[in-house]
Trainee: 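I have a structure here, written as structure tokens, and I will follow up with some questions on it.
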Protein chains: 2
Amino acid sequence: MTDTTPGRRGGRQLPTAEELRTWRGFIETTAALSSRLESRLQGDSALSTGDYAVLLALSEAQGQAMRSSELASHIGWERSRLSHHLGRMERRGLIRRQECATVPRGAEVLLTKVGADAFAGATVPHLRAIRELFVDALTPDQIVAAGEIATALRARLDTLGKG
Amino acid sequence: MTDTTPGRRGGRQLPTAEELRTWRGFIETTAALSSRLESRLQGDSALSTGDYAVLLALSEAQGQAMRSSELASHIGWERSRLSHHLGRMERRGLIRRQECATVPRGAEVLLTKVGADAFAGATVPHLRAIRELFVDALTPDQIVAAGEIATALRARLDTLGKG
DNA sequence: TTAGCATCATTGACACGTCAACCGGTAGGA
DNA sequence: TCCTACCGGTTGACGTGTCAATGATGCTAA
């Protein structure tokens, strides 16, 4: 394992072999974690994490309803993505869409009973899975460190922008 | 924000509100990081990270060729996923598939010149993006901590198995 | 007034992943 | 021998995500 130290010249260099190993472990493990959580949720409640995010937002909204674009920005999705997803959720009866009374071109998304029940049944197993797969896997110090790492990475993403 | 401490009874409890905040920040940020890296790679080289993984494996293999199932296990993919992906890569001329001479029912995957060139052009920008978005975002201590967190999470995933 | 222009939402085309079914061939055991 | 079971690989159906284009509707400025 020859050392590929880029070092010197303080400029824009490539990662070292060690940094790359850490990177791969980190990104692959977090992906695996997401995917495991997804399949746990699916198995426990027949919902995807996307469904869960939508249902969570709607169940917390007053009237259990939100405008489509409001919902999109609340959960941080592109409108196109939300529109596709709502179409699938509507086919399964989890939500309903209707024209918004107040805003002419607006669409109002409503939580149905089926959706509310599905969400109610999903939340405890989902939180339990988060506890088992994340919280219980780490020491308290590591949880704090994970939070700080996420904050630092997020800051970097934000400052670099889409570039 | 009422404290939802589960604590006591040392049993299988739900995460606290604080743990949940950390969890959300962590999982959403790592997802955003993956997605940003994906779009950087796409913009720099018209390759996806999936393409990159396949091309990396093939370019390191002797003869720049591998059996399909060997490739699948090397990069940790299900065979079905690889088969679909190879179909798309083959349409773009990045790889070629042919019957394996030695193993009757085996398929051999070959790196084409187009694929090798695409990979060669992609690697430096990709490594640079990893440096900018991950390595440079964290302190050396945080990189070490990230590695340890990944190891701990991975261990947890492995011990829990598919359950 | 009307020609742009931004905004809200949907749509279509396509890439990507998973799951389950399938096919062809090889290997064991009745 | 024949039946079965596995193995390598492909396929189809479907959920999911992005991008670019399209409607439909208001706002604004010549």
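Here is how names work: the chains are called A, B, and so on, in the same order as the sequence lines, proteins then strands, and each is numbered from 1. These numbers were taken from a predicted model, which means no experiment stands behind them.
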Trainee: Nearest to the B:S69 side chain among D:dG9, D:dT18, D:dA13, which nucleotide is it?
Mentor: D:dG9
Trainee: With hydrogens left out and only the distance checked, is there a donor-acceptor pair under 3.5 Å joining B:R79's side chain and the base of D:dG8?
Mentor: yes
Trainee: Would you mind reading off the distance between A:E38 atom CD and C:dC16 atom C1', rounded to a whole angstrom?
Mentor: 14 Å
Trainee: Could you please name the option among C:dC16, C:dA13, D:dT16 that lies closest to any side-chain atom of B:D51?
Mentor: C:dC16
Trainee: Tell me what A:S48 touches on the nucleic acid: a base, only sugar-phosphate, or nothing, going by heavy atoms under 4.0 Å.
Mentor: sugar-phosphate
Trainee: Above 12 or not: heavy atoms from other molecules or residues under 6.0 Å from CZ of B:R92?
Mentor: yes
Trainee: Separation of A:E78 atom CD from D:dT18 atom P, in whole Å?
Mentor: 5 Å
Trainee: If you look at every strand shown and take non-hydrogen atoms under 4.0 Å, does A:S83 touch a base, only sugar-phosphate, or nothing?
Mentor: base
Trainee: Students often get this wrong, so: under 4.0 angstrom with heavy atoms, is A:R91 touching a base, only sugar-phosphate, or nothing?
Mentor: sugar-phosphate
Trainee: Does the pair A:R40/A:E132 count as a salt bridge with the N-to-O cut at 4.0 Å?
Mentor: yes
Trainee: CG of A:L86 versus P of C:dT11: gap in Å, rounded?
Mentor: 11 Å
Trainee: Charged N to carboxylate O under 4.0 angstrom, A:R21 versus A:E18?
Mentor: yes
Trainee: In whole angstrom, what separates A:M89's CE from D:dT16's C1'?
Mentor: 13 Å
Trainee: Assign A:H85 to base, sugar-phosphate, or nothing according to its heavy-atom contacts below 4.0 angstrom with the strands shown.
Mentor: sugar-phosphate
